[in-house]
Amino acid sequence: MLQNFIDAYSPDNLRYLFGGLGITILVSIVSIIGSFIIGSILGVIRYVKIKYLSAIVGLIIDIIRNLPLILILFFTYFGLPNLGVKPEIIPAAILAMTIFESTMLAEIVRSGIQAVDPGQMEGARANGLTYWQGLWYIVLPQAMVKMIPAIVSQFISLVKDTSLATIILLPEMLYRSQIIYGQNTNYIIPMFVAIALMYFIVCYCLSVLAHYLEKRQA
């Protein structure tokens with residue numbers, strides 16, 4: 001058993017596996033940034049209840065949130081080509097992750113804003129700020145502090161969900177580990193241990209960062 005671990009963790013295999021880690025981190029970071037921006041905008045639109053627009057956005061969010069991510073991955077990679085758009089594997093994975101996570105974050109943002117005491121907005125308006133100024137300068141900063149744990153939890157889920165993109169052959173950690181132990185079945189357990197450790201390190205770092213930001217904001 002020990003020899004299997006030693007052989008599985010050869011320099012070539014580790015180099016190949018770390019390349020998959022790089023793909024996982026790349027897809028995660030780009031998807032996190034994109035989904036945070038889009039999700040924040042969608043969440044604000046839902047909160048302020050703009051006539052017709054908020055209802056349409058809410059319907060779209062509810063539909064996407066209740067679809068499995070793997071279905072969205074299938075659509076972006078296999079469905080979009082039928083519409084004349086042919087994304088590569090990595091852009092397709094990023095697009096699917098961003099779309100899915102944006103809807104999740106939109107609800108977190110909306111709930112976070114609603115959790116702020118209404119008196120904060122009333123105070124902002126009483127001091128001469130417009131509704132949008134009060135929302136931007138007074139309400140949103142307070143809401144973000146409340147949202148940090150939920151947002152980071154969602155980002156951690158996003159990192160782990162990148163493994164689903166193996167279905168469209170995204171060359172991330174899990175996919176590359178399958179390539180390695182496909183050549184020697186004795187490497188199955190060593191590979192699972194390796195990718196479990198990598199996922200843990202990445203997700204734990206996000207948790208530590210969230211705790212630091214929460215303390216700093218407090």
Side-chain angles (χ1 to χ4, degrees), residues 25-73 75-77 79-80 83 85 87 90-125 127-162 164-165 206 209-210 212-214 216-218:
I25 292 175
L26 171 65
V27 171
S28 298
I29 289 176
V30 177
S31 300
I32 284 172
I33 294 172
S35 61
F36 180 74
I37 294 172
I38 298 173
S40 297
I41 295 172
L42 295 178
V44 170
I45 291 174
R46 288 210 68 183
Y47 172 76
V48 299
K49 293 181 174 57
I50 301 173
K51 190 175 182 180
Y52 301 125
L53 179 60
S54 293
I56 294 171
V57 168
L59 178 61
I60 294 172
I61 289 174
D62 289 338
I63 291 173
I64 295 177
R65 286 178 66 239
N66 288 285
L67 294 176
L69 174 57
I70 196 168
L71 182 61
I72 299 175
L73 284 164
F75 176 76
T76 55
Y77 189 65
L80 288 181
L83 300 176
V85 181
I90 293 179
I94 291 173
L95 178 60
M97 296 281 180
T98 300
I99 291 173
F100 185 75
E101 292 300 323
S102 293
T103 61
M104 298 297 182
L105 289 173
E107 287 302 290
I108 294 174
V109 170
R110 182 178 67 87
S111 299
I113 296 174
Q114 288 179 334
V116 177
D117 186 348
Q120 297 295 318
M121 176 60 79
E122 294 171 2
R125 297 300 301 276
N127 281 280
L129 296 181
T130 66
Y131 178 83
W132 290 103
Q133 287 175 330
L135 186 64
W136 180 258
Y137 292 110
I138 306 299
V139 177
L140 275 176
Q142 296 180 62
M144 283 297 173
V145 174
K146 298 177 183 293
M147 290 186 281
I148 286 176
I151 288 176
V152 173
S153 177
Q154 196 60 47
F155 286 161
I156 290 173
S157 295
L158 185 151
V159 173
K160 292 183 287 188
D161 285 345
T162 56
L164 293 175
L206 278 174
L209 176 61
Y212 168 76
L213 290 175
E214 196 172 5
R216 185 179 177 84
Q217 290 296 329

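For clarity, every value in this text was computed on a predicted model and none was experimentally measured.
- In this structure Ile63 satisfies the side chain to side chain contact (heavy atoms under 4.5 Å, CB included) test together with Leu59, Leu67, sequence neighbours excluded.
- To the nearest 0.5 Å, the span separating OH on Tyr137 from OG1 on Thr130 amounts to 9.0 Å.
- Checked by atom type and distance alone, the side chain of Gln120 never pairs as donor or acceptor with a backbone atom of Val116 at under 3.5 Å.
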>> Quick one, Tyr47 with Leu135, criterion side-chain contact (heavy atoms from CB on, under 4.5 Å). Give me CA distance, side-chain angles, the key distance, then yes/no.
In response: CA-CA 11 Å; Tyr47 172 76; Leu135 186 64; 4.1 Å; yes

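- Residue Ala96 comes nearest to Thr76 through the heavy atom pair CB-OG1, 3.6 Å, listed as atom of the first residue, atom of the second, then distance.
- Between the CZ atom of Arg46 and the OG atom of Ser54 there is a distance of 8.0 Å, given to the nearest 0.5 Å.
- When Ile108, Val48, Val139 are each tested for a side-chain contact (heavy atoms from CB on, under 4.5 Å) with Ile113, only one passes: Val139.
- To the nearest 0.5 Å, atom CG of residue Leu42 and atom CG of residue Leu53 are 9.0 Å apart.
- Comment: Arg125 does not engage Glu122 in a salt bridge, judged by the lack of any side-chain N to carboxylate O separation of less than 4.0 angstrom.
- When side chains are defined from C-beta on, Ser35 counts as touching Phe155, because their heavy atoms get closer than 4.5 Å.
- Interatomic distance, CE of Met147 versus CZ of Arg110, reported as 12.0 Å (0.5 Å rounding).
- For Gln154, the side-chain hydrogen bond (donor to acceptor under 3.5 Å, both in side chains) criterion is met by Glu101, not counting sequence neighbours.
- At distances below 3.5 Å, not a single donor-acceptor pair connects side-chain atoms of Ser153 with backbone N or O atoms of Pro149.
- Side-chain contact between Ile60 and Thr103: absent, with no pair of heavy atoms (C-beta onward) separated by less than 4.5 Å.
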> After noting the C-alpha distance and the side-chain angles of Leu209 and Val152, does the key distance pass the side-chain contact (heavy atoms from CB on, under 4.5 Å) rule?
Replying inline: CA-CA 9 Å; Leu209 176 61; Val152 173; over 6 Å; no

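- The minimum heavy-atom distance between Phe100 and Ile72, with the atom names listed, is CD1-CD1, 3.6 Å.
- Side-chain contact check for Met97 versus Leu69: some heavy-atom pair is nearer than 4.5 Å.
- Closest of all the heavy-atom pairs between Ala93 and Ala165 is CB-CB, 4.3 Å.
- With rounding to the nearest 0.5 Å, the separation of CD in Gln142 from CE in Met121 is 10.0 Å.
- A pairwise comparison of heavy atoms in Gly34 and Thr98 identifies C-CG2, 3.7 Å as the closest pair.
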> Between Trp132 and Val44, does a side-chain contact (heavy atoms from CB on, under 4.5 Å) hold up when you go through it step by step?
Replying inline: CA-CA 10 Å; Trp132 290 103; Val44 170; 4.0 Å; yes

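- At least one side-chain heavy atom of Met144 sits less than 4.5 Å from a side-chain heavy atom of Ser40.
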> Given Leu80 and Leu83, is the side-chain contact (heavy atoms from CB on, under 4.5 Å) satisfied, shown in steps?
Replying inline: CA-CA 5 Å; Leu80 288 181; Leu83 300 176; 4.1 Å; yes

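- Counting non-hydrogen atoms of neighbouring residues, nucleotides and ligands closer than 6.0 angstrom, the OH atom of Tyr131 exceeds 12 such neighbours.
- Side-chain atoms of Pro87 and Leu95, non-hydrogen and from C-beta on, never get closer than 4.5 Å to each other.
- Put simply, CD1 on Ile94 and OG1 on Thr162 are 11.0 Å apart, with the number rounded to the nearest 0.5 Å.
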